[in-house]
Visitor: 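My questions will all concern the structure given below.
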Amino acid sequence: MKKIEAIIKPFKLDQLKEAFAEIGLHGMTISEVKGYGRQKGHTEVYRGAEYVVDFIPKVKVEIVTTDDLVEKIIETVISAVSTGKIGDGKIFVLPIEEVVRVRTGEKGNEAI
């Protein structure tokens, strides 16, 4: 089992959700996060005052899946959210040792 974490631009979330539905993936966890990479933030003007926005709003999408679906999910994320511009995001793939469904006690792939 693997956990896929994708950090994406917030306005791309609906497109990603639709793309996941098309491949039959219906479960994910979403968190609103802030951060920066190579883009390093930007400057904005509010009521005549200029200030620096160090951390850019992003969305973190987390999916736990079986090993055989990892590549399909990665391809789906890239095709759904890529704009070709800096700040499109990152995808991380992590190993998962165990999954347990709280309600039933099911473990492993059955719990996903």
Visitor: Search all heavy atoms of V59 against all heavy atoms of I30 and return the closest pair with its distance.
Guide: CG1-CG2, 3.4 Å
Visitor: Which atom pair, heavy atoms only, marks the closest approach of A6 to V77?
Guide: CB-CG1, 4.1 Å
Visitor: To check you understand the geometry: which heavy-atom pair defines the closest contact between E97 and M1, and what is its length?
Guide: O-CE, 4.2 Å
Visitor: Shared ILVMFWY cluster between I74 and L69, side chains joined below 4.5 angstrom?
Guide: yes
Visitor: Take a 6.0 Å sphere around CD of E98 and say whether it holds more than 12 heavy atoms from other residues, nucleotides or ligands.
Guide: yes
Visitor: If you count heavy atoms of other groups shown closer than 6.0 angstrom to NZ of K17, is the number above 12?
Guide: no
Visitor: Roughly how far, to the nearest 0.5 Å, is CG of L94 from CD of E62?
Guide: 9.5 Å
Visitor: Sequence neighbours excluded, which residues qualify as side-chain hydrogen bond (donor to acceptor under 3.5 Å, both in side chains) partners of K12?
Guide: Q15
Visitor: With the 4.5 Å side-chain cut-off for hydrophobic clustering, are L13 and I73 part of the same group?
Guide: yes
Visitor: Same cluster for I8 and V93 if Ile/Leu/Val/Met/Phe/Trp/Tyr side chains link at under 4.5 Å?
Guide: yes
Visitor: Does I4 form a side-chain contact (heavy atoms from CB on, under 4.5 Å) with V70? I'd like the steps, not just the answer.
Guide: CA-CA 8 Å; I4 300 171; V70 171; 4.2 Å; yes
Visitor: Which pair of heavy atoms, one from E106 and one from A111, lies closest together, and at what distance?
Guide: O-CB, 3.4 Å
Visitor: Grouping I, L, V, M, F, W and Y whenever their side-chain heavy atoms are under 4.5 Å apart, do V61 and V64 come out in a common cluster?
Guide: no
Visitor: Please confirm whether the backbone N or O of S82 pairs with a side-chain atom of D88, one donor and one acceptor, at under 3.5 Å?
Guide: no
Visitor: Which pair of non-hydrogen atoms, one from V99 and one from I96, has the smallest distance, and what is that distance?
Guide: CG2-CG2, 3.7 Å
Visitor: Using a 4.5 Å cut-off on heavy atoms from C-beta on, say whether the side chain of E32 contacts that of P10.
Guide: no
Visitor: Do I78 and I91 make a side-chain contact, defined as non-hydrogen atoms from C-beta onward lying under 4.5 Å apart?
Guide: yes
Visitor: Given the rule in the side-chain contact (heavy atoms from CB on, under 4.5 Å) test, do K9 and K58 qualify, once you have shown the distances and angles that lead to the verdict?
Guide: CA-CA 5 Å; K9 293 180 176 183; K58 300 285 184 176; 4.1 Å; yes
